[in-house]
Structure formats: structure tokens, C-alpha cells
Amino acid sequence: MNEHSPRPDLSPGDSGSSAAPVPDAALRTAGLSRHWGALKAVDGCDFSLGEGARHALIGPNGAGKTTLINLLTGYLNPSAGDIYLGSER
């Protein structure tokens with residue numbers, strides 16, 4: 001497959017992301033948000049990662065990537081939402 005070929009496992013228009021939770025997710029967020037006044041660095045983030053899964057977090061400068069990692073590691077407290085490691089909140 002070259003760089004211009006679509007992935008064979010995706011339908012046209014499918015980016016490969018899914019809002020459906022991963023069964024028995026090792027890491028999951030629900031409605032995770034971090035706001036500073038009117039600035040919404042992370043707003044309503046829902047995702048789940050299965051055990052052993054590897055994913056990339058990409059986006060432009062100022063998109064909230066570092067803030068999300070800081071929320072997941074506990075360096076920052078969320079304004080709203082929950083983080084689950086396994087079944088533990």
C-alpha cells in the first residue's frame with residue numbers, strides 16, 4: 001500500500017476513529033474537560049484504549065494535546081469529567 005492508497009479496513013469517509021467504548025478498556029475518559037475561564041483547552045473528551053493498544057495524539061499547536069496528557073497523568077485536575085484506569089476512577 002502506498003501513501004496515497006486508502007486503508008483497506010476503512011470505508012470511504014471513515015477516519016478510523018470510533019466513539020464506541022472499547023470493552024474492558026485499560027484507560028478511558030468520559031466527558032473530560034479542562035477550562036481556564038473562557039479558554040477550553042480540552043472540552044468533553046471521550047475515548048477508550050484497550051490494553052496493549054498504541055495510539056498517537058496529533059493536532060496543531062494549541063489543540064490541547066499537552067493538557068490532555070497532563071490530565072491523564074494527574075498533573076492537572078479536570079474541570080469536569082472522569083478518568084478511569086481499568087475499572088478504577
Side-chain angles (χ1 to χ4, degrees):
M1 178 166 54
N2 68 42
E3 64 182 323
H4 301 290
S5 299
R7 286 182 35 194
D9 58 330
L10 296 180
S11 305
D14 188 351
S15 67
S17 63
S18 173
V22 174
D24 301 322
L27 177 64
R28 180 172 63 90
T29 67
L32 189 62
S33 299
R34 177 60 192 210
H35 304 162
W36 285 277
L39 175 66
K40 296 179 179 180
V42 176
D43 190 26
C45 179
D46 295 317
F47 79 91
S48 54
L49 299 173
E51 186 173 341
R54 290 182 265 175
H55 292 271
L57 183 60
I58 61 171
N61 291 345
K65 301 176 300 291
T66 301
T67 302
L68 177 60
I69 296 300
N70 287 337
L71 288 166
L72 294 175
T73 61
Y75 185 75
L76 289 175
N77 292 320
S79 301
D82 296 303
I83 302 168
Y84 299 90
L85 188 56
S87 60
E88 194 173 318
R89 184 170 158 225

Pairwise distance [atom1]([X]) to [atom2]([Y]) - rounded to 0.5 angstrom:
X: Thr67; Y: Trp36; atom1: OG1; atom2: CH2; answer: 4.5 Å
X: Leu68; Y: Leu76; atom1: CG; atom2: CG; answer: 10.5 Å
X: Leu27; Y: Leu72; atom1: CG; atom2: CG; answer: 5.5 Å
X: Asn77; Y: Arg34; atom1: CG; atom2: CZ; answer: 7.0 Å
X: Leu71; Y: Ile83; atom1: CG; atom2: CD1; answer: 5.5 Å

Taking atom CD1 as the centre, does Ile58 end up with more than 12 heavy-atom neighbours from other residues, nucleotides or ligands that are less than 6.0 angstrom away?
no
Can you tell me if Thr29 uses its side chain to pair, donor with acceptor, with the backbone of Cys45 under 3.5 Å?
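Between the backbone of Cys45 and the side chain of Thr29 there is a qualifying donor-acceptor contact (under 3.5 Å).
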Closest heavy-atom pair and its distance - Ala25, Ser48
CB-CB, 3.8 Å
Contact list for residues 52-73, test salt bridge (Lys or Arg N to Asp or Glu O under 4.0 Å), sequence neighbours left out
none
Output all residues satisfying side chain to side chain donor-acceptor pair (under 3.5 Å) with Asn70, sequence neighbours left out; order by chain, then residue number.
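Asn70: no side chain to side chain donor-acceptor pair (under 3.5 Å) contacts found.
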Under the rule for side-chain contact (heavy atoms from CB on, under 4.5 Å), what residues qualify as partners of Ser33, not counting sequence neighbours?
His35, Asp43, Ala80
Is there any side chain to side chain donor-acceptor pair (under 3.5 Å) pair reaching into residues 79-89, and which pairs are they, with sequence neighbours excluded?
Asp82-Arg89
